[in-house]
Amino acid sequence: MDEEIKDVCKGVVGRFDGTESAKRQKDIYRQVLSKLSADGFVMEELPRDTLRRYIAHVVKPLGRTTRAHKTNKLRTTASYSSFATVGVGQVVAIDVTRADNFCFDPFTGAAVSVEVMTAIDLASRVIVGTRVFPRSPTGFEAGLLLVDILRPYSLAVDPARVDDWRWAGVPEHIGLFPHALAEAERIDGLAGRPLVGEHGIPGVLPDAIRADRGSIFTGTHFRALCRQFGINLLLSRGAHPTDNAVMERFWETLQACFQAAPGYKGHNVSERGSKVGRITLDKAGQPVFHGGAPALTPRELERHIREWIATTYHRSPHSSLVLADKSITAEDARMRLTPLDVYDSLMAAQGRIHVLQRADLVYDAMPIRWGQIGANGVEFDDLYYDCRELDEFRNVRDWTFRSPDQTGHTGDQRARAGAKAAPFYYDPRDVSAYWLRHPDTDRIIRVPWRREHELRAPMTGVTLRHAKGLMKKRGAYRDLSRDSIEEEVLTTLNTADGYDRLRGDPDLADWHGNMLTAAAMRSGQSKHDHGEAASAAGGRTPSTGGAPRPRSRPAPPAKTTRAPWETDAADWSNLEEQE
């Protein structure tokens with residue numbers, strides 16, 4: 001049969017890849033005839049019987065159903081070889097899931113859902129990083145978990161308290177959950193590892209990371225971080241969750257942790273109680289869920305998960321970690337091991353692994369924005385950021401912070417590209433400050449917005465963009481001075497009237513609830529991460545660089561209704577604490 005006729009048959013059959021419904025061979029035959037006629041073939045001269053047999057030959061490997069078509073199409077993206085993960089840190093799996101607990105949002109006073117992102121070392125099944133994020137995590141936040149993978153942590157336990165995971169600096173103290181110590185002591189297989197003491201959370205520099213094809217992992221930011229640290233990104237096939245089976249199984253194991261925490265809402269909607277998520281105040285004025293259980297904030301849920309990982313999961317026998325030994329009795333021939341047992345044995349064989357030991361590693365996960373430092377500081381998004389520690393950089397020589405070749409311009413374009421520009425770290429979770437690395441000492445300088453001390457609400461990249469968007473809708477934005485723009489931003493974010501404008505904007509109908517909650521969570525996480533990095537580097541809180549202090553604290557703007565964020569006023573640092 002003519003090769004051109006074969007190509008037409010393959011083209012028609014090739015469309016059945018799971019995106020189109022399966023058809024009978026008679027229908028496919030009619031489509032092939034129609035296509036051949038349109039291409040100029042003479043119908044009377046076609047070998048009809050041979051054509052039918054060839055179509056049957058091409059269709060048979062696809063399978064009979066649409067699902068079979070999709071499976072065979074996806075199979076073409078799979079690898080044909082594999083290797084066993086025999087070393088610690090060789091491959092780390094990452095995934096994200098919705099937490100099965102409601103959390104109390106102190107910013108809005110409502111119950112909210114959050115998501116948990118976790119990283120697990122495939123060789124030892126040790127958890128090397130976990131974070132709780134608002135819905136839905138971004139590629140930037142996935143990069144923060146990657147930084148956690150690279151940094152070793154520890155958790156201290158004594159009979160009265162459990163500290164949060166810490167890399168260095170002062171530990172953050174939290175109270176034990178009721179009966180957590182007694183319950184952990186009763187778990188089989190823990191006699192050889194005392195619960196009271198220091199629990200190590202390994203840090204690894206993985207050769208590869210296994211993740212699904214979610215946009216947070218396939219995006220530019222996460223891929224750039226993987227290239228920066230020399231990590232290969234192994235993506236699962238589409239619609240194949242079994243490619244990351246270890247993480248999928250871990251989510252089922254994590255159910256024990258979720259069910260032990262207040263606010264458990266069930267694994268799915270069919271398991272949810274009618275009063276789950278209702279929050280009231282007890283006699284002491286503290287928020288509690290229905291039934292009297294204390295309502296956990298997202299940060300407290302994260303610490304609960306980390307406590308469970310270190311004191312329970314890492315120290316419990318794992319069904320997939322077995323040691324087969326024919327020299328012992330049959331009943332003990334397959335001894336189950338804990339993740340820490342496997343980690344210790346693999347480390348004994350490997351000797352040691354390479355990890356990154358820098359206090360300010362978190363800044364490697366942040367994008368850089370270039371700005372020129374002038375008399376009024378540095379300007380980003382029509383806002384001025386300034387501090388005393390910028391004084392030595394206000395009149396630097398050209399190309400102090402980078403080479404002219406880095407701009408990608410030549411000739412006069414180099415001057416317009418910013419010969420005096422300096423690189424500032426940008427954290428989209430909190431744009432009330434930028435960070436500059438000192439070119440000589442490598443010390444991180446915090447450069448706050450000059451009106452940061454007046455903020456009473458979180459100013460993330462999202463909230464700032466929406467606040468300025470309202471100003472542009474009202475018109476004459478370009479005619480406003482910088483002072484007027486900053487005053488409008490404060491009015492929109494701080495006052496109830498400004499909040500009502502955001503809520504009443506039809507374009508932001510779904511923004512004021514979830515986004516405002518997410519903004520508060522992200523802003524708090526940002527302050528925690530930067531504070532931890534500063535404490536690890538020098539044992540002190542981040543310096544504002546000697547920002548000028550007003551003579552008196554500005555009075556809050558007058559308003560007739562309470563703004564939702566007033567329920568969480570105690571969580572926001574005041575000016576004295578910042579300095």
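Throughout, numbering of the chain's residues begins at 1 and tracks the sequence. What's counted below: heavy atoms across the whole structure, side chains too, no hydrogens, waters or symmetry copies.
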Of all heavy-atom pairs between Val126 and Pro202, which one has the smallest distance, and what is that distance?
CG1-CD, 3.6 Å
Go through the steps for Tyr425 and Val362 under the test side chain to side chain contact (heavy atoms under 4.5 Å, CB included), then give the verdict.
CA-CA 10 Å; Tyr425 293 111; Val362 67; over 6 Å; no
Which pairs count as salt bridge (charged side-chain N to carboxylate O under 4.0 Å, His left out) when at least one residue sits in residues 243-253, sequence neighbours excluded?
Arg237-Asp243
Reported SG-to-NE2 distance for the pair Cys257 and His304, which is rounded to 0.5 angstrom
4.0 Å
Among residues two or more places apart or on two chains, list those pairs meeting salt bridge (charged side-chain N to carboxylate O under 4.0 Å, His left out) that have a residue in residues 107-120.
Arg98-Glu115
Shortest non-hydrogen contact from Ser236 toward Asn244:
OG-CB, 4.0 Å
Mind listing the side-chain donor-acceptor pairs of residues 280-295 below 3.5 Å, one per line with the distance, residues two or more places apart or on another chain?
from: Asp282; atom 1: OD1; to: Ala284; atom 2: N; distance (Å): 3.0
from: Asp282; atom 1: OD1; to: Gly285; atom 2: N; distance (Å): 2.9
from: Asp282; atom 1: OD1; to: Gln286; atom 2: N; distance (Å): 2.7

Do Arg125 and His314 pair up side chain to side chain, a donor and an acceptor below 3.5 Å, judged on atom types alone?
no
Inter-residue atom distance Thr130.OG1 - Glu302.CD, 0.5 Å rounding:
7.0 Å
Heavy-atom pair with the smallest gap, counting every atom of Thr311 and Val157
CG2-CG2, 4.0 Å
Can you tell me how far the CZ atom of Arg166 sits from the CG atom of Leu155, to the nearest 0.5 Å?
7.5 Å
Heavy atoms only: give me the nearest Trp435-Ala433 pair and the separation to one decimal.
CZ3-O, 3.2 Å
Could you pull out all residues at least two apart from Asp212 that satisfy side chain to side chain contact (heavy atoms under 4.5 Å, CB included)?
Asp95, Phe217
Run the side-chain donor-acceptor check on residues 140-150: report pairs under 3.5 Å with partners two or more places apart or on a different chain.
from: Glu141; atom 1: OE1; to: Thr138; atom 2: N; distance (Å): 2.9
from: Glu141; atom 1: OE1; to: Arg522; atom 2: NH2; distance (Å): 3.3
from: Glu141; atom 1: OE2; to: Arg522; atom 2: NE; distance (Å): 2.6
from: Asp148; atom 1: OD1; to: Arg131; atom 2: NH2; distance (Å): 3.4
from: Asp148; atom 1: OD1; to: Tyr153; atom 2: OH; distance (Å): 2.9
from: Asp148; atom 1: OD2; to: Arg131; atom 2: NE; distance (Å): 2.6

The criterion is side-chain hydrogen bond (donor to acceptor under 3.5 Å, both in side chains); which residues satisfy it with Ser320, sequence neighbours excluded?
His318
With Phe250 via ring-ring contact (aromatic ring centres under 6.0 Å, His included) - residues at least two apart
Tyr313
Are Tyr363 and His530 an aromatic pair by the rule of ring centers under 6.0 Å?
yes
Between Asp163 and Arg303, is the salt bridge (charged side-chain N to carboxylate O under 4.0 Å, His left out) condition met? List the steps.
CA-CA 9 Å; Asp163 294 322; Arg303 291 184 294 199; over 6 Å; no
Residue list, side-chain hydrogen bond (donor to acceptor under 3.5 Å, both in side chains) with Ser154, at least two apart or on another chain
Glu198
Sorted by chain and residue number, the side-chain hydrogen bond (donor to acceptor under 3.5 Å, both in side chains) partners of Asp121 (sequence neighbours excluded) come out as Ser124
Stepwise, does the side chain to side chain contact (heavy atoms under 4.5 Å, CB included) test hold for Met521 with Val114?
CA-CA 10 Å; Met521 285 183 59; Val114 295; 3.9 Å; yes
List for me each residue that meets ring-ring contact (aromatic ring centres under 6.0 Å, His included) alongside Trp251, sequence neighbours excluded, and say none if there are none.
none
Step by step, work out the salt bridge (charged side-chain N to carboxylate O under 4.0 Å, His left out) result for Glu532 and Lys527.
CA-CA 8 Å; Glu532 180 190 51; Lys527 289 177 171 58; over 6 Å; no
Between the side chain of Thr242 and the main-chain N/O of Ala245, is any donor-acceptor distance below 3.5 Å?
no
I need the Arg151 CZ to Leu361 CG distance, nearest 0.5 Å.
6.5 Å
Mind checking the CD1-CD1 spacing from Ile309 to Ile127? Nearest 0.5 Å is all I need.
5.0 Å
With Tyr434, which residues qualify under ring-ring contact (aromatic ring centres under 6.0 Å, His included), at least two apart?
Phe380, Tyr385, Tyr426
Correct closest heavy-atom pair for His221 and Pro367 would be CE1-CD, 4.1 Å
Residues at least two apart in sequence or cross-chain that pass ring-ring contact (aromatic ring centres under 6.0 Å, His included) with Phe229, listed by chain then number, are none
Rounding to 0.5 Å, atoms OG1 (Thr218) and CZ (Arg223) come to a distance of 6.0 Å
For Pro262 and Leu296, work out which heavy atoms get closest and say how close.
CD-CD1, 3.7 Å
